[in-house]
Amino acid sequence: MELFIGEHGEAIIYGIIGAMVVTLICVVCADKWKGVTPSYRSSASHTNREFMDATVGKYPVIETDEALYVDKGDSFDYRDYIKAKDCDGKDISSSLKVYGKYNVSESGIYRLKCVATADNNLSAVRYVNVVVE
């Protein structure tokens, strides 16, 4: 222990002093950070707020499990397990686009990206893992 302190004691002291200086600066300047932080970071812009209010509850929904389990060698079609509906409950599974590859003849975990776009041009994205065992 004495050897360690003898070789690294100076660095440890400077580290402690540095941490104390940073803490002191933070305590002294705590109320001044609000004046430095731009206001656009703390609230939504006017046009963004309008968009958010206009689209509440209007996005499509992708219905599936987080993971789809498939036995190795079995046939598998993701369309049987992944469905999409618009905000009114109308089936829009035909507009569902799925990106990614899977191989049922090889064990592994494959990630699929599902994108559903409703008639109002709003989209939903959901990731699904296909687990081949």
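Given the structure is predicted, the values throughout are model-derived calculations rather than measurements. Side-chain atoms are counted along with the backbone in the values below, which use heavy atoms only and exclude waters and symmetry mates.
Checked by atom type and distance alone, the side chain of T64 pairs as donor or acceptor with a backbone atom of Y81 at under 3.5 Å. Side-chain atoms of N120 come within 3.5 Å of backbone N or O of K58 as a donor-acceptor pair.
The distance from atom CD of E63 to atom SG of C114, rounded to the nearest 0.5 Å, is 12.5 Å. Interatomic distance, Y127 OH to N129 CG, rounded to the nearest 0.5 Å: 11.5 Å. The OH atom of Y78 sits 12.0 Å away from the CG atom of L68 when rounded to the nearest 0.5 Å. Atom-to-atom distance recorded for T23:OG1 and M20:CE is 8.5 Å, nearest 0.5 angstrom. The line from CD1 of I82 to CG of D77 is 9.5 Å long, rounded to the nearest 0.5 Å.
Using a 4.5 Å cut-off between side-chain heavy atoms of Ile, Leu, Val, Met, Phe, Trp and Tyr, with links allowed through other members, V98 and I62 fall into the same hydrophobic cluster. The hydrophobic clustering, which links ILVMFWY residues whose side-chain heavy atoms are closer than 4.5 Å, places I109 and Y69 together. Cluster membership for V115 and L96, using ILVMFWY side-chain heavy atoms within less than 4.5 angstrom, is not shared. Connection of I16 to L24 is not established within any shared hydrophobic cluster, with ILVMFWY side chains joined at heavy-atom distances below 4.5 Å, either directly or through further cluster members.
Evaluation of the ring pair (Phe, Tyr, Trp, His ring centres under 6.0 Å) rule for Y99 yields no partner, not counting sequence neighbours. Contacts of D71 classified as salt bridge (charged side-chain N to carboxylate O under 4.0 Å, His left out), with partners at least two apart in sequence or in another chain: none. Residues passing the salt bridge (charged side-chain N to carboxylate O under 4.0 Å, His left out) test with E66, sequence neighbours excluded: R126.
No more than 12 heavy atoms of other residues, nucleotides or ligands sit less than 6.0 Å from atom NZ of K85. Remark: E133 CD is packed, more than 12 non-hydrogen atoms of other residues, nucleotides or ligands lying under 6.0 Å away.
Using a 3.5 Å distance cut-off with no hydrogens or angles, the side chains of S95 and T117 do not pair a donor with an acceptor.
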Verdict with supporting geometry, D65 and V128, side-chain contact (heavy atoms from CB on, under 4.5 Å): CA-CA 7 Å; D65 292 330; V128 178; over 6 Å; no
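For the residue pair K72 and S105, the shortest heavy atom distance occurs at CE-O, 3.2 Å. A pairwise comparison of heavy atoms in D91 and A84 identifies OD1-O, 2.9 Å as the closest pair.
Looking at K90 and D88, no side-chain N of the basic residue comes within less than 4.0 Å of a carboxylate O on the acidic one, giving no salt bridge.
Side-chain contact between K101 and Y110: absent, with no pair of heavy atoms (C-beta onward) separated by less than 4.5 Å. Residues D74 and V104 have side chains not in contact (no heavy-atom distance under 4.5 Å, counting atoms from C-beta outward).
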